Amino acid sequence: MAKKDYPIHEIEKKWQKWWDEIGLHKTRENPKNKYYVLEMFPYPSGDLHMGHLKNYVIGDVVARVKLMEGYDILHPMGWDAFGLPAENAAIKHGIDPREWTYKNINTYKETLKSIGITYDWDREIATCAPDYYRWTQWIFLFLYKKGLAYRKSDYVNYCPNCKTVLANEQVIDGKCERCGTPVVKKKLEQWFFKITDYADRLLEDLKLLEGRWPSKIIKQQENWIGRSEGTEIIFLYQDGRTKLPVFTTRADTVFGVTFITIAPEHEILERILKDSPNREEVEKYIQEALQKTEIERTAEEKEKTGIFTGTYAIHPLTGEKVQIWVADYVLVNYGTGIVMGVPAHDERDYMFARKYGIPIKTVVKPVDGDIEEGELFTDYGVMVNSGEFSGLPSKEGIRAIQKKLKEMGLGGPAVSYRLKDWLISRQRYWGAPIPVVHCPRCGVVPVPEDELPVLLPENIKSFKPQGRSPLEDVDEFMNTTCPKCGGPAKRDPDTMDTFVDSSWYYLRYVDPHNDKEPFSKSEAEKWMPVDQYIGGAEHATKHLIYARFINKVFFDAGMVPSSEPFSALFTQGLVHKKFYWCPVCKEVVEEADVEFKDGPYHKKCGNRLEERVEMMSKSRGNVVRVGPFVREHGADVARITILFAGPAEKDMEWTDAGVEGAKRFINRVWRLYQDNIEKIDKNAKVDPSKLNREEKKLYVTLQRTIYEVRKDSAEFHFNTAIARIMELVNALYSFQNPESPVFSESLQKLVLLLAPFAPHLAEELWHQLGNEDSVFRNRFPEYNEDYLTHDTIEIPVQINGKVRSRILVSVDAGEEEVKRLAMGDERVRKFTEGKVIVKTIYVPGKLLSLVVKDGN
RNA sequence: GCGAGGGUGGCGGAAUUGGCAGACGCGCCAGAUUUAGGAUCUGGUGGGUUUCCCGUGCGGGUUCAAGUCCCGCCCCUCGCACCA
């Protein structure tokens, strides 16, 4: 290490300790000007890497900027500690999930402390702690009482590998989001939260978040909720009594219905099959469909299949008989699970009808022009062959038909959502037990509140998933008495989805030690809503929907002050890193096994390796662990590397070059102070009206830097904020007069500007300048509005649209003067000589544009 | 298929109420310093046939002026996707 290099380690440790001592990060009891900044809490698994750190660094910059703007900050941290990895580690290594989890929490916490983030650790929570999950269970009961938690037997997503059911949100492309195994449908009795009751408000209130949440996330949620306005049409079954409701957005095509199709899972089939002449065949088809994975059923290339039941329904408007089919492309939980088939006006129905020889009947024609009878036409148009509705344009026709159906009592306007109720039961051990008792006499009985928490038993023989909860085998846990009748009863063996834990944690932070209720109304009123939430975009349709739902339930109960939990959201990009992949061996290759010739080669097999740049992950072997990195390079280097690499919302690549740059910058700042420390006059007073030209230039640069850094930080443009600081540092390096008060003032302000980004360095320099308080107890600098521009500016002169010269003018020169100066410029003369100026455009302070034509 | 975002030097990226394209950094080149290397400091660095010309994915257009606006394409990333 060179002599003047920044002694990172002593300094960072020193200030972290001191911040702790002076209670810099303590939350104020009674905030006057509250600001709640929150990063999505981590699942504490093995190692904290740079991909995780980016989230916390961004949060910390926001917290420190707001602190320096005079806000009372709430900035807590905790652990999303229930979940599968702990259990899998238990299965693999025979460790208790508790032990494994708390060990990881300690490592995580230590690492987070080593990077000097401003958390108030007094408010730390862990979702697996009984004093937390007690309240998760309380919330379950709260929803149960409100009729928002219910149990039903349904076809649910089941992962055959994890041996548990999954919420719709946890199925990605038909696969389990954890292990990638194709999900199958299983009929099970499970607990659901009735999030669909809130579908409309979850959609509607997205408007409140516009401009404050990334539009991409808002769109994704809109899409996920998937509100669709249409019409319900009730077809009567051939028995004249059983109702077969369908949902359609194209009621104008109803006269073209030649068949209806029912999802294989649909309960109504039990009734219909009794009349089916080919019952066995249909049942066989249904069985096959149910055994298929979601992927097999929804594969797009796949031709639609179905089977005719041999039974009929009655068309509500024509009275005609239409065939009833069963087909696996119909989804049981969208709309009514029954669709009307209109082959002439729907592509799918058309293919289906052609395949099975079902009649095709044209009932809509283009507004202008004609189509052949039986030809596919899916646009809106004019209704034909539709009785009294013939001649109506589609949209009017839809309204007319809705009206008619309503009068007949056979349907009307209807809304359908893509969003489904939230399945929260899990047949796994490491989660909060569902606090209900099953009594042979009383049925489902909620555990009384004062008996919470229902503790997770500790002596488990096997965590191995069997398709039912491991708790089922723990007699001490399962056997209990009914809270209602006192007779023998069984506990519910399932645990809750971990997304239930995380749907309310931001509320627990406002009152983390409350042992009377999950949080008090008064604390919630002090701090909620979260002013700035920061996290990964992958939670767009999971955590962020669940949390909004739970918050709304509390809002309706008057327990929280706002209908939305997170008033602003920022989603950071991922951290990628290069690694080597052998396309022949099909494996990740460590650097040690790479031979570099004209490119990377695999030492083992001699083949050329691919260089891939992807998200940091253990399996790719491309993680940069935070702990070791900070020990080697320091926290501020890690922070600057992350923040300067590019826009925070975009993915970045972690490179050694980036680390070098950050390090160089920090050392450059450090040297600037070490070289000048005796010359800096802490009490220097600058009178901007009495400065020489060079001083004034620096003074204006300082004001501009302050202006830009403030603006960029507020907009999460940390990369450009740091670039502006670098420019100021460069300007100070070339400044020739270290005795000038402007120099002293600039160095003092620079420390303040740097503080949110490189807090340890800034605190050290602040103290070197002779200050005794913390740099963070000072306000972020203000700029002098009168000195945001330099006196003389360079104005480019365009002639016929091309820049031909630049002239120096005084900043307050008027158009006439600029023109006069331009005409005196040699190069401008050269391009205008003998020509006529036909047009002059002057943009004050920006440019002068001349349009010339050949003379006469 | 639908929706969103993006395509700018050798690289990461700046700049959009239309107004100097390439801020800042990396890399590279040169000089200073040094026994040497490294580190550091200073200067340079879009391309070319260099009084000038060409350059922001491609092709057109509007304008004194286009990365930015309009029309038509291509490519990439992400989300949803048999949604009736």
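Keep in mind it's a predicted model, so treat the numbers as computed, not measured. Chain naming here is simple, since letters A, B, ... match the order of the sequence lines and numbering starts at 1 in each.
Contact annotation: Lys802(A) side-chain N/O to C54(B) OP1/OP2 distance is under 4.0 Å. Taking 4.0 angstrom as the limit, Asn719(A) places none of its side-chain polar atoms (N or O) nearer than this to OP1 or OP2 of G25(B). Side-chain N/O atoms of Tyr334(A) include one lying less than 4.0 angstrom from OP1 or OP2 on A84(B). In this model, the phosphate group of A4(B) is not approached by any side-chain N or O of Lys219(A) to a distance below 4.0 Å at OP1 or OP2. Phosphate contact (OP1/OP2 of C52(B), side-chain N/O of Arg827(A), threshold under 4.0 Å): present. Under 4.0 angstrom from either OP1 or OP2 of C41(B) there lies at least one side-chain N or O belonging to Arg671(A). For the pair Arg724(A) and A14(B), the criterion of a side-chain N or O lying under 4.0 Å from OP1 or OP2 is not met. Between Lys846(A) and the phosphate of U17(B), there is no side-chain N or O to OP1/OP2 separation shorter than 4.0 Å. An OP1 or OP2 oxygen of C64(B) is reached within less than 4.0 angstrom by no side-chain nitrogen or oxygen of Arg804(A). An OP1 or OP2 oxygen of A39(B) is reached within less than 4.0 angstrom by no side-chain nitrogen or oxygen of Arg664(A).
Rounded to a whole Å, the NZ atom of Lys650(A) is 8 Å from the C1' atom of G6(B). The CZ-C1' distance, from Arg639(A) to G25(B), rounds to 19 Å in whole Å. Nucleotide A15(B) holds its C1' atom 11 Å from the NZ atom of Lys711(A), rounded to whole Å. Residue Met351(A) contributes atom CE, which lies 18 Å from atom P of A84(B) at whole-angstrom precision. At whole-Å resolution of the value, CG in Asp346(A) and P in A84(B) are 9 Å apart.
Within the 6.0 Å centre-distance limit, the rings of Trp325(A) and Phe352(A) are counted as a close aromatic pair. Centroid-to-centroid, the aromatic rings of Trp224(A) and Tyr417(A) stay 6.0 Å apart or farther.
Among the protein residues, Val851(A) comes within range of the sugar-phosphate backbone only, with heavy atoms under 4.0 Å from sugar or phosphate atoms but none that close to a base. Among the atoms of the strands shown, only primed sugar atoms or phosphate atoms (P, OP1, OP2) are found under 4.0 Å from some heavy atom of Thr249(A). Gly335(A) comes within 4.0 angstrom of nothing in the nucleic acid, heavy atoms only.
Ring geometry, Phe735(A) versus Phe743(A): the interplanar angle falls under 30°, so the pair is classed parallel (tilted spans 30 to 60°).
In this structure, G27(B) forms a base pair with U45(B), meeting either the Watson-Crick or the G-U wobble geometry with both donor-acceptor distances under 3.5 Å. Applying the Watson-Crick and G-U wobble criteria (two distances, each under 3.5 Å), A66(B) pairs with nothing in any strand. Checking U51(B) for Watson-Crick or G-U wobble geometry (two distances, each under 3.5 Å) identifies no partner in any strand. With both pairing distances under 3.5 Å, A81(B) is matched to nothing as a Watson-Crick or G-U wobble pair. In this structure A32(B) sits in a base pair with U40(B), meeting the Watson-Crick or G-U test at under 3.5 Å. Using N1 to N3 plus N6-O4 or O6-N4 for Watson-Crick, or N1-O2 and O6-N3 for G-U wobble, each under 3.5 Å, G5(B) pairs with C76(B).
Side-chain N/O atoms of Arg250(A) and base N/O atoms of A84(B) include no donor-acceptor pair closer than 3.5 Å. A donor-acceptor contact under 3.5 Å links the side chain of Lys304(A) to the base of C82(B). Judged by distance alone, with hydrogens and angles left aside, Gln220(A) brings no side-chain donor or acceptor close enough to the base of G3(B) to form a pair under 3.5 Å.
Comparing Ile338(A) and Arg418(A) by the nucleotide of RNA chain B whose heavy atom lies nearest to each, the residue mapping closer to the 5' end is Arg418(A). Sequence order on RNA chain B of the closest nucleotides to Pro647(A) and Lys839(A) puts Pro647(A) first from the 5' end.
At least one donor-acceptor pair under 3.5 Å links the side chain of Gln221(A) to the backbone N or O of Ala540(A). Gln572(A) places no side-chain N or O within 3.5 Å of a backbone atom of Ala537(A) that could act as its donor or acceptor partner.
With Tyr334(A) as the aromatic partner, Arg418(A) does not meet the cation-pi criteria of under 6.0 angstrom to the ring centre and within 45 degrees of the ring axis.
For the residue pair His633(A) / Lys663(A), a side-chain donor-acceptor distance below 3.5 Å is found, with atom types taken as modelled.
Relative to the side chain of Met726(A), the nucleotides C52(B), C83(B), C24(B) differ in distance, and C24(B) lies closest.
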